[in-house]
Amino acid sequence: MNRRYGIVKSKAAYLTPYFLWIALFVIAPMALILYQSFFSITGHFTFANYEEYLSSSVYLKMTFNSIWYALIITVLALAISYPTAYLINQLKNKQLWLLLIILPTWINLLLKTYAFIGLFSQNGSVNDFLRFVGLGSHQILFTDASFIFVATYIEIPFMILPIFNSLDELNPSLINASRDLGASNWQTFRRVIVPLTMPGVKAGFQAVFIPSLSLFMITRLIGGNRVITLGTAIEEHFLVTQNWGMGSTIGIILILAMFVVMFLTRDRKNRGGQIR
């Protein structure tokens, strides 16, 4: 009895800092945002912020744009990351190659964004190359394409890592069994490897889609305010219009969207692959 009590007490001691961290830096900020969302710019309690958000075509369009751009960024990141993770997993020094892909995440996001501004500007390296090959200079910066390109580049490592981990943990005997049963390489990949690595794909989807919903710095510096998202609206309300209530309301909407995405991409019971 005393031993069991000691184990419980030891676990509680280890979990206490974790729960304190969650309470102070997750639950408390979310509670403050929820509280602030019910106040107008004049400091009066109101439901008008939510009414305005749900009835305004501007905010609804921002919501659609945010979801649309986040989906494009996530799909492009997935299309690049899965083959890359699969290829790296086949290499001899796969941990080294994975480290080289993760290294750019150690660089400050603002520095990477300014680096792309230099590359895509009228006198940047990309336009210098286009002029060299006779295609002339083009307006690359401040376009939707440049915004999507930069956002995808920044998010790719966060998609590759969970997919690589799923591929790395895959039992080779399952792949060998599939081939012994007569499945081709494509059938093995489609019916065995992909289903068994779906948890990694879902984790990567969460890691990319959720942050992409609230991008604002890249939309400012790369998109040149042509790309308007909910993240941009939050920045405007908190730093420009000082309407913290409306900014908090949009923040609550993003939090709800985060929970919806996490629910839809939750890891269900894996039944494995099948061969037909």
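Owing to the predicted nature of the structure, the values given are computational and were not obtained by experimental measurement. The chain is numbered in sequence order, starting from 1.
Taking the ring centroids of Tyr153 and Phe116, they lie under the 6.0 Å cut-off. Between Phe142 and Phe147, the distance separating the two ring centers is not shorter than 6.0 angstrom.
For the residue pair Ser146/Thr143, the side-chain donor-acceptor check at 3.5 Å is satisfied. Residues Thr229 and Tyr69 have side chains that never bring a donor and an acceptor to within less than 3.5 angstrom of each other. Ser173 and Asn171 form a side-chain donor-acceptor contact under 3.5 Å, judged by distance and modelled atom types alone. Of the N and O atoms on the side chains of Thr249 and Ser37, not one donor lies less than 3.5 Å from an acceptor on the other residue. The closest side-chain donor-acceptor pair between His44 and Thr46, if any, does not fall under 3.5 angstrom. A donor-acceptor contact under 3.5 angstrom links the side chains of Tyr82 and Thr197, judged on distance only. Counted by atom type alone, Thr232 and Thr219 present one or more donor-acceptor pairs between their side chains at under 3.5 Å.
Counting non-hydrogen atoms of other residues, nucleotides and ligands closer than 6.0 Å to CZ of Phe45 gives a total above 12. Under a cut-off of 6.0 angstrom, the local environment of CE in Met217 is crowded, with over 12 non-hydrogen atoms contributed by other residues, nucleotides or ligands.
A distance-only check finds a donor-acceptor pair linking the side chain of Asn165 to the backbone of Leu161 [under 3.5 Å]. With hydrogens and angles disregarded, no donor-acceptor distance shorter than 3.5 Å links the side chain of Asn93 to the backbone of Leu96. Side-chain N or O atoms of Asn127 include one that pairs as donor or acceptor with a backbone N or O of His138 at under 3.5 Å.
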Determine whether Arg266 and Phe263 satisfy the following criterion, side chain to side chain contact (heavy atoms under 4.5 Å, CB included), listing intermediate values before the conclusion.
CA-CA 5 Å; Arg266 70 190 186 279; Phe263 175 79; 3.4 Å; yes
Does the side chain to side chain contact (heavy atoms under 4.5 Å, CB included) test come out yes or no for Phe238 and Ser248, once each step is laid out?
CA-CA 9 Å; Phe238 273 98; Ser248 298; 3.6 Å; yes
Run the numbers on Phe164 and Tyr86 for side chain to side chain contact (heavy atoms under 4.5 Å, CB included), then give the verdict.
CA-CA 7 Å; Phe164 174 85; Tyr86 186 81; over 6 Å; no
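In this structure, Phe149 and Phe120 have perpendicular ring planes: the angle between them is above 60°, well past the 30° mark. A parallel orientation is assigned to the rings of Phe205 and Phe209, their planes being inclined by less than 30° (bins at 30° and 60°).
Evaluated for a ring-ring contact (aromatic ring centres under 6.0 Å, His included) with Tyr50, the options Phe39, Tyr59, Phe38 yield exactly one hit, Phe38.
With values rounded to the nearest 0.5 angstrom, Ile154 atom CD1 is found 7.5 Å from Ile222 atom CD1.
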